[in-house]
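Below is one structure, written out as structure tokens, with a few remarks after it.
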Amino acid sequence: MTHARPLLLAGTAFAALISGPGRAEPPAEPFALIPTDLPGMSTGYLQPEATNEARIGTRQALEDDETGTGVQMYDGAVSFRGYWPYQIGISASAFDDPLTEPFEGNAQNFTLGSIGLDGKFRLHETDRVGVAVEASVAYLKYGFDGTEKEDLVAATLSLPATYRLSPTVFLNGEIGLTTFPDEAQDLPAPGARSFVAIGAGWQPTDRLTAFGSAKLIARKDDAGPEGDDNVIYTAGARYALTPQLAATGYVTNGLADTPVLDDLTYFPARDDLVFGAALTYVPSGKRFNIPRYARTDVAEVDRTIVFGDGVTLMGPETIGSNELRLNLSAGTSGDTRLFAAISPDPDFQVELFFEDYALDEDTGFRDEEAEDVRYGIGVRYQALSEAEGDLASLGARVILGRDIEEPTLGVIFAEAALAKEAMPRLELTANPKVAAYTGEQVYALGLGAEYEISDRLHAVAEASVVSDDYDSIWAVGLRRSFPEALSAIDIYATNAAGRTGIGSMLAGETQVGASLVWQTPFRAF
């Protein structure tokens, strides 16, 4: 098979792109600019000068059988640029699930992990046209369980170019080569390939970018795990939640959002539709330092100490920007938790927890012998704030976690909280939750009331109904705050097995507990 003609056509198209008038002064927010990359698409532009960027994402090929949460790939990346004509980055990805279709007679658990270095150099850039060269090399672990995983090295080199048709519409093209071994574990591997890609984006507002792309793959043969799939397609949208944080959702049949693996089709679930989601964060820095949309400065309430979370229910508030908060709690039935939250920018915080749930025979989750200390990392976003003039307060978070010792079990957990001051000193909260793990999805709806007895003493009452045959959850508590010490002490009683993630949805032995919340007196950033 010869691939000279599509490569020649693509080269001609690139030459035609380097023309056209410039656009007006670029907008102030980083996500209003043409991205340096999107799922399935690398553009001809670099990230803005003097910025760092971090991204974490997942792709899920949903199944109806015992795979539960699906066949999933996780990936992430960080990239850096100073006042240079280039940027550098590190990316990683991980897949560890059974294949949905046997490959060479084998459908057992398959592992694909990668870590790579990449760089992107500007060849030509105006407000209208961007052309760059991008290169990456990755180290991979590849193979089926039951045999020793092979160490592989793969690399890619490409030339992306972008042309802005109008202030809101851009076209994109890319040509390149990716090396990949032809054989691994004595089985055919994906092999080397060349590719030609086209794409387009639409930016109707400074916060929204819709995009789509198609990538034609040319390889020596179809004996590898991808079969005869030779087109990678992607369509989705990215929305800036804050000036520093954006969420992306899309559908694709591409394997991962890393420079090397985005040139492979999603062979673990061949012919299935894959759903992807990602969060991209550009920290406040030398060039972009916008506190929040529609506000010229961080509101005074953002600097007020707010202890918004209940016993088992989440509150919608994030902590103040540049703050770090720690929470240590313990209950009489054995539930212990260490929780940390850090908020580098307004309305957004990163969370980490370690918790030993108080599980018993009636919990309906896992036996105490199988489950040990569970850890998780998550992000929280505050969309509305009643204290700042919105009709109500609204927040949401997502947590990914698993227990530490084998056999481990990963759980994806998501929840939202809507809070409203019903009358002076009384706030009501609605808190829907969902947790998903292998073969199971658990849903809950929690309702809470918080009454301000005094400025420093609050009482809370919570109740949650849980799906299927799970028992309902209840909790009551008192919180005494010490604003001058940036701390609070909670005394509570609940029948929940835990306070975070799926543990807050599982009923166990009634326990009485205490919690210490402490916010550091120094600025984290």
### Cation over ring face, R499 and Y492, 6.0 Å, 45°
yes
### Task
Compare every heavy atom of L384 with every heavy atom of A392, then report the nearest pair and how far apart it is.
O-CB, 3.3 Å
### Query
Does atom CG of L391 have more than 12 heavy-atom neighbours, drawn from other residues, nucleotides or ligands, at distances under 6.0 Å?
no
### Message
Let's go through R59 and D257 carefully: what are the C-alpha distance in whole Å and the side-chain angles of both, what is the deciding distance for side-chain contact (heavy atoms from CB on, under 4.5 Å) to 0.1 Å, and is it a yes or a no?
### Response
CA-CA 9 Å; R59 299 184 179 198; D257 198 10; 3.6 Å; yes
### Message
I'd like to know if R366 pairs up with E440 as an ion pair, taking the criterion as any Lys NZ or Arg NE/NH1/NH2 lying under 4.0 Å from an Asp or Glu carboxylate oxygen.
### Response
no
### Message
Can you give me the closest heavy-atom contact between Q441 and A436, atom names plus distance?
### Response
CG-CB, 4.2 Å
### Query
How close do P268 and V71 get, heavy atom to heavy atom, and via which atoms?
CB-CG1, 3.9 Å
### Query
So, D97 versus N109: side-chain donor-acceptor pair below 3.5 Å or not?
no
### Message
Using modelled atom types and a 3.5 Å cut-off, is there a donor and acceptor pairing between side-chain atoms of E421 and backbone atoms of L426?
### Response
no
### Query
Between T234 and F211, is any pair of side-chain heavy atoms under 4.5 Å apart?
yes
#### Entry: Side-chain donor/acceptor of E462 to backbone N/O of V311, under 3.5 Å
yes
### Message
Quick one, N327 and L516 - any side-chain contact, counting heavy atoms below 4.5 Å?
### Response
no
### Message
Looking at L409, is its backbone amide N or carbonyl O close enough to the side chain of R374 to form a donor-acceptor pair, meaning the two atoms are under 3.5 Å apart?
### Response
yes
#### Entry: Heavy-atom side-chain proximity of Q519 to V517 below 4.5 angstrom
no
### Task
Please report the shortest heavy-atom distance between S454 and R425, naming the atom on each side.
CA-NH1, 3.9 Å
### Query
Which distance, rounded to the nearest 0.5 Å, do you find between the CG of L445 and the OG of S472?
10.5 Å
### Query
With distance as the sole criterion, is a donor-acceptor pair present between the side chains of S343 and E323 under 3.5 Å?
no
### Message
Between Y381 and D347, does the side chain to side chain donor-acceptor pair (under 3.5 Å) criterion hold? Intermediate values first, please.
### Response
CA-CA 6 Å; Y381 165 59; D347 304 327; over 6 Å; no
### Query
Taking atom types as modelled, is there a side-chain donor on Q47 or R81 under 3.5 Å from an acceptor on the other?
no
### Message
If you define the side chain from C-beta out and look only at heavy atoms, does anything of S114 sit under 4.5 Å from S93?
### Response
yes
### Query
How far does CG of N431 sit from CG of L313, to the nearest 0.5 angstrom?
5.0 Å
### Message
Counting C-beta onward and ignoring hydrogens, is there a side-chain heavy-atom pair between E371 and P407 closer than 4.5 Å?
### Response
no
### Task
Verify the distance criterion only: is there a donor paired with an acceptor across the side chains of T510 and N495 at less than 3.5 Å?
no
### Message
I'd like to check K420 versus L428 (side-chain heavy atoms, cut-off strictly below 4.5 Å). Are they in contact?
### Response
no
### Task
Quick one: pull up OG1 in T205 and CZ in F31 and give me the separation to the nearest 0.5 Å.
13.0 Å
### Message
Do D335 and Y357 pair up side chain to side chain, a donor and an acceptor below 3.5 Å, judged on atom types alone?
### Response
no
### Query
Tell me, do F267 and L112 make a side-chain contact under 4.5 Å, heavy atoms counted?
yes
### Task
Indicate yes or no for a side-chain donor-acceptor contact from D471 to the backbone of A507 under 3.5 Å, with no hydrogens or angles considered.
no
### Query
Looking at A269 and T100, what are the two nearest heavy atoms and their distance?
CA-OG1, 3.2 Å
#### Entry: Pairwise side-chain contact, R397 with E415, heavy-atom cut-off 4.5 Å (strictly under)
yes
### Query
Can you tell me if CG on L99 sees more than 12 non-hydrogen neighbours from other groups inside 6.0 Å?
yes
### Query
Does R380 use its side chain to pair, donor to acceptor, with the backbone of E351 at less than 3.5 Å?
no
### Query
Do the side chain of Q511 and the main chain of A496 share a donor and acceptor less than 3.5 angstrom apart?
yes
### Check: D272 side chain, A61 main-chain N or O, donor-acceptor pair, under 3.5 Å
no
### Query
Under 6.0 Å from the six-membered ring centre of Y266 and within 45° of its axis: does the NZ or CZ of R270 meet both?
no
### Task
Would you check, one step at a time, whether the test side chain to side chain donor-acceptor pair (under 3.5 Å) holds for Q349 with T318?
CA-CA 6 Å; Q349 72 187 39; T318 56; 4.7 Å; no
### Task
Determine, step by step, whether E355 and F339 satisfy the side-chain contact (heavy atoms from CB on, under 4.5 Å) criterion, reporting the C-alpha distance in whole Å, the side-chain angles of both residues, the deciding distance to 0.1 Å, and the verdict.
CA-CA 8 Å; E355 186 167 7; F339 178 89; over 6 Å; no
### Task
Say whether K141 and T111, considering side chains only, have a donor N or O and an acceptor N or O under 3.5 Å apart.
no
### Backbone N/O of G364 and side chain of Y470: donor-acceptor pair under 3.5 Å
yes
### Message
Minimum heavy-atom separation for D390 and S385, please, with both atom names.
### Response
OD2-N, 2.8 Å
### Query
Is it the case that T58 and Q60 place a side-chain donor and acceptor less than 3.5 Å from each other?
yes
### Message
Tell me if the centroids of the rings in F144 and F110 come within less than 6.0 Å of each other.
### Response
yes
### Task
Would you please indicate yes or no on a ring centroid separation below 6.0 angstrom for F365 and Y437?
yes
### Query
Are side-chain N/O atoms of K120 and S42 paired as donor and acceptor at under 3.5 Å?
yes
### Query
Could you walk me through whether Q87 and T36 pass the side-chain contact (heavy atoms from CB on, under 4.5 Å) check?
CA-CA 10 Å; Q87 67 184 55; T36 186; 3.6 Å; yes
### Message
Side chains of S284 and D345: any donor to acceptor distance under 3.5 Å?
### Response
yes
### Query
Taking atom types as modelled and ignoring hydrogens, do the side chains of T408 and R402 form a donor-acceptor contact shorter than 3.5 angstrom?
yes
### Task
May I ask you to decide if E405's main-chain N or O and D372's side chain share a donor-acceptor pair within less than 3.5 Å?
yes
### Distance flag, aromatic centroids of F348 and Y281, threshold under 6.0 Å
yes
### Query
side-chain contact (heavy atoms from CB on, under 4.5 Å) between T312 and T494: does it pass, once the steps are laid out?
CA-CA 8 Å; T312 63; T494 182; 3.8 Å; yes
### Query
Hey, is the main chain of I88 close enough, under 3.5 Å, to the side chain of S79 for a donor-acceptor pair?
no
### Query
Among side-chain atoms of D75 and S91, is any donor-acceptor pair under 3.5 angstrom?
no
